[in-house]
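So the structure is just underneath, and the comments pick up after that.
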Amino acid sequence: MELKQINDLREIQFKIEELTHAYVQCIDDNRLEEWPEFFTGDCLYQIISRENHERDFPASIIYCDSKGMLKDRVTAHRQANIFEAHVYRHIVSSIRIAGYENDTYTVHSNYAVFQTRVNGYSEVYNVGQYIDKIIFIEDEPKFKEKKVVYDTLVIPTLLVTPI
Amino acid sequence: MSTMKNAEVLTWPEKGESRIPYQVYMDPDIYEGEMKNIFRGSTWNYLGLEVEIPNPGDYKTTYIGDTPVVVTRDAKGEIRSFVNRCAHRGATVCMDPCGNTKTFTCVYHAWVYDAQGDLKGVPFKKGVNGQGGMPEGFDQSKLSLQKIKVETYSGIIFGSFDHGMEPLQEYLGEKMCGYLNRIFNKPVKVLGYQRQLMNNNWKLYFENVKDSYHASLLHLFFSTFGVNRLSQKGGIDLDETGRHHVSYTYGSLNEDLEAYKESDLRSYSSKYTLEDPSLLVGRNEFPDGITLAIQSLFPGMVVQQIHNALAVRHLVPKGVDSCELIWTYLGFEEDDEEITKIRLKQSNLVGPAGFVSLEDGGIGELVQKGIVGAPQVESFVEMGGTGVESQSFRVTETSIRGFWKEYRQLMGY
Ligand code: FES
Ligand SMILES: [Fe+2]
C-alpha cells in the first residue's frame, strides 16, 4: 500500500473513532438534543437483544427509521415520559472497521453502559456491541445505521435514554 | 405450609377487596404461600405458544411462578411439560432456553429422561465390576421428572401442577376465550422476545396491568404530542369470577393520523408535535373496532393489542421484591412486509422502552420503596366503587378488586 493510501485510511479510521467517542459522550453529558445529529436523515437506529438478533427475530426495543423519529424520542424523553432520574457512563472499545462497500463503512465496537440512579448506586446497566454503517457527508462521518445489539438480555426496570 | 397456616400469617381488612395490606408485598412467608397455593396450586399458567415448539422434539424452558419447567413436544406430537429438576439430586436438567432433542440428559450424573419426563437411563445402575450400583428393588419408573398437566387453547399452552384441575376453557370462561380468539383466530408467528426485571413484588405489576385508572395520568405520550384520544370509548370486562379482565378501547389510529395532520387541531391541544408521525400509521386488523385491548389472565399472563403491536407478557415472580416480565412479540403467519414494518415501528410504543409503557416498569418500584416499614398499612382501592363487576368506563379499579377476590380465596385469607 502506498504511503498516501495508508495516511488516508488512518484519517478515516481516526474520524470514525472520533465519531463513536463523540456519540457516547453526547449521551453521557445529557446533550440528547444533539444526539440525532450524529445520524443521516434516513437513518436506522435500532436497539435489539442479542437473542433476537441471533435468532433472526426483528423485534427491537427501539426501532427508529428516520432522524425525525430520533428527535421524537428526545422530545418524549424530555417532555412526556416519566421515570426516575439517572445518568449513563459509556465505555467503548475495540472500534474496528469490519467492511467497506458502496462508500459505506461497517464498523463494530463493544460498549458497556453503567447507570447511576438517584440513590447513588452505579450498576452495569447494559453491555453489547454496536454494529454501525457509517458514510461520509462532506468529509464528516454520520451513522446511516446504528444497530445496538445488547447481551444484557434482561433490561433493569426500563430503558428511556438511548445507548 | 397449609392454607390454614396462611390465614395465621395475615388477617385481611374488614373492608374486603378495596383494602390491600402492604404486608402482602413484603412478607417472605406470604410469598412462599403464593408459590404453593397459587402458582403450584389450582391455576392454569401460561407456558408458551404451540408455534414456539412446532416439531416433535422441540422444547423450551420457562417458569410456573418461580419454578423452572420445560415444555416439550414428544415424538407423537403431544405437548408435555415437567419441572426442570433432576429426580436424582435436583440439578437443572435442561440448560438451553430452547432447541430440539429426543432425550434430556442431566449433566451431573447423566440420568437420561425422554420428552415426557420419564427416566430412561441411569449410568452404573448395576455398579462397576459388581460393586456399587443401585440397591435391590430400585424402581426407575418412580423417578420421573415432576409432571405438569398441560392443555392448550387457540394455540396457547397452559400448565398446572394440579392434575385434578378444572378444564382450561372453564377456567378461562367463555368471555375470556372470546377475547383470546380475537387475536389467536389465525396462525401467529413470533417476532421476538424482550425481558425486563423489576425490583418489586409481582403483584404490583399485575395490579398495574389491571389498573385502567392510571393510563391517561401516568402515560403522557399521546397527550403530550396532541394525539386526540378524548372521543374514544371503552370499558372493563371481567369474567364471572373477576380474576381475569379485559380493558378495551374503540378508535382508529388512522383517524388519529388524519386528525393529526390538521395542524390547527393539534396546536391547541399540545405544545409538541411529532417530527415523524409515521409511528402512528396502522392497519385496521380487527373488525370489532377495538384498537386497544389489554387482557390479564390470572395469575400471571397478559395479552396485549395496542393497535397493531401484539404481544403476550408472562410475569415471573423472582422473590418477594423482584419479578421478571417476558414479552413475546407476535405477528401473523400471513403478514406481508408492510404490516411487519408497521408492527416493528409500533413496538416503539410498548415494551421496556415503550413510549406508553415504560413508566409501568418503574411504578411498582416506587410503591415497593414507599411501603417499606408499613406492612400493617392498607391501600385504598375504591375507584368505581367497592365491588367486582364489568363496567362500561375505564376510570375504575374494579379489575384490581377482582384479582384480590380470587387471591384471597386461593390463599385462605
Ligand atoms: S443430579 Fe441429575 S443425575 Fe445426579
Ligand atoms: Fe400502564
Side-chain angles (χ1 to χ4, degrees), chain A residues 36 41-86 117-119 121 123 125-126 148-163, chain B residues 97-98 189-200 217-225 270-279 309 311 318 324-331 340-341 343-348 350-366 369:
Chain A
D42 61 348
C43 63
L44 178 68
Y45 174 72
Q46 195 180 359
I47 305 185
I48 184 167
S49 70
R50 183 173 181 159
E51 175 184 34
N52 288 347
H53 183 66
E54 287 181 350
R55 293 176 67 183
D56 272 333
F57 288 135
S60 312
I61 54 171
I62 290 184
Y63 184 94
C64 298
D65 62 0
S66 71
K67 193 195 265 195
M69 284 186 80
L70 298 179
K71 290 182 179 168
D72 293 336
R73 271 276 160 195
V74 175
T75 310
H77 186 290
R78 296 290 196 225
Q79 310 298 340
N81 287 129
I82 297 168
F83 50 87
E84 201 184 303
H86 59 270
R117 298 221 246 174
V118 264
N119 62 11
Y121 294 174
E123 63 173 342
Y125 173 70
N126 193 283
V148 182
V149 182
Y150 61 95
D151 300 339
T152 316
L153 280 189
V154 182
I155 302 285
T157 310
L158 57 84
L159 186 145
V160 64
T161 305
I163 287 174
Chain B
C98 60
K189 75 173 173 200
V190 173
L191 297 179
Y193 301 92
Q194 315 294 359
R195 298 161 202 279
Q196 183 175 8
L197 183 77
M198 294 172 285
N199 298 311
N200 56 257
L217 301 168
L218 175 66
H219 306 300
L220 302 179
F221 177 80
F222 285 126
S223 58
T224 299
F225 286 99
S270 69
K271 279 210 296 238
Y272 302 97
T273 53
L274 286 170
E275 286 265 342
D276 186 348
S278 71
L279 173 71
K318 293 277 174 190
E324 212 175 292
L325 192 63
I326 304 170
W327 305 65
T328 305
Y329 286 43
L330 298 175
T340 302
K341 187 80 182 280
R343 293 193 212 287
L344 283 185
K345 285 183 83 155
Q346 287 185 5
S347 68
N348 281 296
V350 299
F355 282 133
V356 299
S357 71
L358 69 87
E359 286 88 3
D360 293 327
I363 210 70
E365 294 185 8
L366 282 186
K369 283 191 253 185

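None of the values given here were measured: they were computed from a predicted structure. Residue numbers begin at 1 in each chain, while the letters A, B, ... track the order of the sequences.
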Practice task
Measure up the A/His86 and A/His77 rings against each other and bin them: parallel (under 30°), tilted (30 to 60°), perpendicular (over 60°).
Solution key: perpendicular
Contact part of [X] toward chain B, heavy-atom cut-off under 4.5 Å: side chain, backbone, both or neither?
{"X": "A/Glu84", "result": "side chain"}
{"X": "A/Asp56", "result": "neither"}
{"X": "A/Arg55", "result": "side chain"}
{"X": "A/Thr157", "result": "both"}

Relative to chain A, which segment of [X] carries a heavy atom at a distance below 4.5 Å: side chain, backbone, both, or neither?
{"X": "B/Tyr329", "result": "side chain"}
{"X": "B/Lys189", "result": "neither"}
{"X": "B/Ile363", "result": "neither"}
{"X": "B/Gln196", "result": "both"}

Specify which of A/Val160, A/Asn81, A/Asp65 makes the most heavy-atom pairs with chain B at under 4.5 Å.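 Sorted descending by pairs with chain B, the first entry is A/Asn81.
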Note: vs chain B, highest number of non-hydrogen pairs under 4.5 angstrom among A/Gln46, A/Arg117, A/Lys67 is A/Arg117
request  = Using a cut-off of under 4.5 Å on heavy-atom pairs, state which of B/Gly361, B/Ser347, B/Pro97, B/Ala353 scores highest against chain A.
outcome  =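 The answer is B/Ala353.
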Quiz item: Checking side-chain contact (heavy atoms from CB on, under 4.5 Å) for the pair A/Tyr45/A/Val148: CA distance, chi angles, key distance, verdict?
Solution: CA-CA 8 Å; A/Tyr45 174 72; A/Val148 182; 3.9 Å; yes
Taking side chain as C-beta onward, heavy atoms only, is [X] less than 4.5 Å from [Y]?
{"X": "B/Ser278", "Y": "B/Lys345", "value": "yes"}
{"X": "B/Asn200", "Y": "B/Leu366", "value": "no"}
{"X": "A/Ile61", "Y": "A/Ile155", "value": "yes"}

Quick check against the 3.5 Å criterion: does [X] have a side-chain atom that pairs as donor or acceptor with the backbone of [Y]?
{"X": "A/Asp72", "Y": "B/Asp276", "result": "yes"}
{"X": "B/Gln194", "Y": "B/Trp327", "result": "no"}
{"X": "A/Ser60", "Y": "A/Pro58", "result": "yes"}

